[in-house]
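As the structure lists them, so they are numbered: ligands from 1, and atoms in each ligand from 1. Only heavy atoms go into these numbers, but all of them, side chains included; no hydrogens, no water, no symmetry mates. On a predicted model such as this, the values are computed, not experimentally measured, just so you know.
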Amino acid sequence: MPSYDVAVIGGGIAGCASAYYLAKAGLSVVLFEKGDIAGEQSGRNWGFVRQQGRDPLEIPLMMACNRLWQGLEAELQADIEWRQGGILYLAGDEAGMAKYEAWLEHAKAYRLDTRKVTGAEAAALLPGMARDWLGGLYTPSDGQADPLKTTRAFAAAAARLGAVVHTRSVVDALETAGGRVAGLRTEPGEMRAKTVLLAAGAWSARLLRTLGIDLPQLRVRSSVLGTAAVPEKTGLGVWCPGFGLRQRRDGSFTIGGGSRVDHQIGVDTLRHFAAFWPAFKTSKNHTSLALGRHFLDDLRVHLDGAHLGRQLRRERVLDPAPNRTTARRCLRAFRATFPEFRDIEMATAWAGIIEVTPDELPVFGPVPGIEGLLVATGFSGHGFGMGPITGKLMAELIAEGKPSLDIGDLRLPRFAERRAATGRAV
Ligand SMILES: Cc1cc2nc3c(=O)[nH]c(=O)nc-3n(C[C@H](O)[C@H](O)[C@H](O)COP(=O)(O)OP(=O)(O)OC[C@H]3O[C@@H](n4cnc5c(N)ncnc54)[C@H](O)[C@@H]3O)c2cc1C
């Protein structure tokens, strides 16, 4: 039976970057991806690589990550369309500006190059907008990259260093013996591994549940559109009320619906209702809820653990239809904001399933009770930019026993600890 130092579950950016840095550290690594590399979130996102607007816990991680991004094309020997063009958030009213100003205090504490801009400065950074903004927040050192190319580049670089990458290969189950990881049951066969890193995105909670481990994680759908190509307008990643945009190297715009998402009510929605309630309250104006057939399918998976393997094969790549209403609304808002693009067409639209945690922060590190099992998941809609540092920190944790940055507050037991401390599900 093949045997490895580390088995990585998931060929998204978290898994592929981890496989790369683990192989670079000299460990024998195998990675399993049930579909294609970057087939789910990591190949469907906007491509923003931002330090701006992050939770304070993530700022030092993203500042270190930003330095990695700057050398990533050389490191991976690949064109990933990295561009350090800055990120600009725009606000139309006092409440929006107040939020940005409050966040600026965190940026100052970390000496990040974020600054407040006036409406006139925003217009100078991004000329040709039809509406006047009250102002915004601007981080020149932020950037963008092509999601698919970046994730594939990590997988290819890992393979060049000897990592074995299995695609179209479902991991059905983790085997444990005596309280520690023993190996994996996978589509290509059984494997032995001393350490398993679970980086399975929207599937992580389901896999953990088969081991009796609870990770509060819900899924939301986020829809995006791509326009026809036009001459270069901006190298900024822009976020304004209603939509966000970046212009790709081929001249097309990727436009997303801001924080507008759809959630299909499932068994976990009910199980984790109390934990997610505070986050839902703040996002309810841009979260659509639906109750349908999905609930029954989900119930079946919950009641029958063996059903998960079948579901993983059936839903080999989570490829939801985009919300066309959201996409059309974004296009209208974009055209109205930039009159020079009033006739621009939607060339394509797609959606991705994002996994969110109650505090909208990732989960890093060991899984208590199962020695040798670690997680890197729960990125809550902003894990692409964090991909490189995720991989580096996971590799340090596994190879050296200690990461170079503090990720203690992002560990899995935080949810259970908060629940115990407050008596409430958090
Ligand atoms: C529309 C959209 C826009 C976004 N915009 C941004 C952005 O601009 N910037 C940013 O930083 N983030 C953004 N994100 C979030 C970002 O894409 C994710 O946080 C990040 O890609 C998560 O990476 P991951 O590797 O954890 O998960 P994924 O990319 O989802 O990868 C997990 C992989 O695990 C595989 N897998 C699961 N279970 C198994 C199994 N049992 N066996 C084998 N394989 C398995 C899946 O097939 C999947 O490919 C966006 C997301 C979406 C959907």
Side-chain angles (χ1 to χ4, degrees), residues 7-19 31-51 53-54 58 62 65 69 87 142-145 147-148 150-151 154-155 166-174 184-188 197-208 210 217 219-225 237 239 244-246 254-261 308-309 311-313 315-320 322-323 326 349-356 360 362-363 375-388 390-391:
V8 178
I9 308 176
I13 189 134
C16 293
S18 300
L31 179 144
F32 296 95
E33 165 52 52
K34 66 181 169 54
D36 307 312
I37 296 297
E40 296 193 349
Q41 297 172 85
S42 294
R44 294 161 184 266
N45 62 70
W46 297 6
F48 279 28
V49 176
R50 63 175 173 87
Q51 303 152 99
R54 295 256 174 189
E58 291 184 333
M62 268 317 294
C65 196
W69 276 101
I87 299 267
D142 276 340
Q144 54 180 274
L148 201 60
T150 307
T151 311
F154 267 119
H166 291 282
T167 55
R168 300 263 139 193
S169 299
V170 166
V171 172
D172 285 299
L174 274 102
L184 300 172
R185 261 194 295 119
T186 77
E187 228 171 340
L197 175 65
L198 181 63
W203 301 89
S204 295
R206 286 159 204 236
L207 282 159
L208 284 174
T210 63
Q217 189 184 55
R219 292 173 169 191
V220 294
R221 175 182 62 160
S222 175
S223 301
V224 192
L225 70 99
W239 171 283
L245 67 87
R246 79 176 178 100
T254 293
I255 305 175
S259 27
R260 177 157 290 284
V261 292
L308 178 61
Q311 194 196 14
L312 285 161
R313 283 169 175 69
E315 294 187 45
R316 206 161 269 277
V317 179
L318 277 178
D319 183 20
N323 182 330
T326 300
W350 68 92
I353 297 291
I354 292 174
E355 94 283 18
V356 284
E360 295 172 60
V363 186
V375 286
T377 196
F379 292 97
S380 305
H382 48 267
F384 172 66
M386 286 191 98
T390 297

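Not counting sequence neighbours, Glu355 has no partner by the salt bridge (Lys or Arg N to Asp or Glu O under 4.0 Å) test. For Asn45, the side chain to side chain contact (heavy atoms under 4.5 Å, CB included) partners two or more places apart in sequence, or in a different chain, are Pro147, Phe384. Taking the salt bridge (Lys or Arg N to Asp or Glu O under 4.0 Å) definition, one finds that Arg219 meets it with nothing, sequence neighbours left out.
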Using a 3.5 Å cut-off on N/O to N/O, what pairs does ligand 1 make with the protein? A line per pair would be great.
unit_1: ligand 1; atom_1: 5 (N); unit_2: Trp46; atom_2: N; d: 3.2
unit_1: ligand 1; atom_1: 8 (O); unit_2: Gly47; atom_2: N; d: 3.4
unit_1: ligand 1; atom_1: 8 (O); unit_2: Phe48; atom_2: N; d: 3.0
unit_1: ligand 1; atom_1: 9 (N); unit_2: Phe48; atom_2: O; d: 2.9
unit_1: ligand 1; atom_1: 11 (O); unit_2: His382; atom_2: O; d: 3.2
unit_1: ligand 1; atom_1: 11 (O); unit_2: Phe384; atom_2: N; d: 3.0
unit_1: ligand 1; atom_1: 11 (O); unit_2: Gly385; atom_2: N; d: 2.7
unit_1: ligand 1; atom_1: 12 (N); unit_2: Gly381; atom_2: O; d: 3.4
unit_1: ligand 1; atom_1: 12 (N); unit_2: Gly383; atom_2: N; d: 3.4
unit_1: ligand 1; atom_1: 12 (N); unit_2: Phe384; atom_2: N; d: 3.3
unit_1: ligand 1; atom_1: 14 (N); unit_2: Gly381; atom_2: O; d: 3.3
unit_1: ligand 1; atom_1: 17 (O); unit_2: Gln41; atom_2: O; d: 3.2
unit_1: ligand 1; atom_1: 17 (O); unit_2: Asn45; atom_2: ND2; d: 3.1
unit_1: ligand 1; atom_1: 19 (O); unit_2: Gly383; atom_2: N; d: 2.8
unit_1: ligand 1; atom_1: 21 (O); unit_2: Ser42; atom_2: N; d: 3.4
unit_1: ligand 1; atom_1: 21 (O); unit_2: Ser42; atom_2: OG; d: 2.8
unit_1: ligand 1; atom_1: 23 (O); unit_2: Ser42; atom_2: OG; d: 3.1
unit_1: ligand 1; atom_1: 25 (O); unit_2: Ile13; atom_2: N; d: 3.2
unit_1: ligand 1; atom_1: 25 (O); unit_2: Ala14; atom_2: N; d: 3.0
unit_1: ligand 1; atom_1: 29 (O); unit_2: Ser42; atom_2: N; d: 2.9
unit_1: ligand 1; atom_1: 29 (O); unit_2: Ser42; atom_2: OG; d: 2.5
unit_1: ligand 1; atom_1: 30 (O); unit_2: Gln41; atom_2: NE2; d: 3.0
unit_1: ligand 1; atom_1: 41 (N); unit_2: Val171; atom_2: O; d: 2.9
unit_1: ligand 1; atom_1: 42 (N); unit_2: Val171; atom_2: N; d: 2.9
unit_1: ligand 1; atom_1: 44 (N); unit_2: Lys34; atom_2: N; d: 2.9
unit_1: ligand 1; atom_1: 47 (O); unit_2: Glu33; atom_2: OE1; d: 3.4
unit_1: ligand 1; atom_1: 47 (O); unit_2: Glu33; atom_2: OE2; d: 2.6
unit_1: ligand 1; atom_1: 47 (O); unit_2: Lys34; atom_2: NZ; d: 3.1
unit_1: ligand 1; atom_1: 49 (O); unit_2: Glu33; atom_2: OE1; d: 2.6
unit_1: ligand 1; atom_1: 49 (O); unit_2: Glu33; atom_2: OE2; d: 3.2

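At distances below 3.5 Å, not a single donor-acceptor pair connects side-chain atoms of Thr151 with backbone N or O atoms of Leu148.
How far OG1 of Thr150 is from CD of Gln144: 11.0 Å, rounded to the nearest 0.5 Å. Taking SG of Cys65 as the reference point, atom CZ of Arg54 lies at 8.0 Å (rounded to 0.5 Å).
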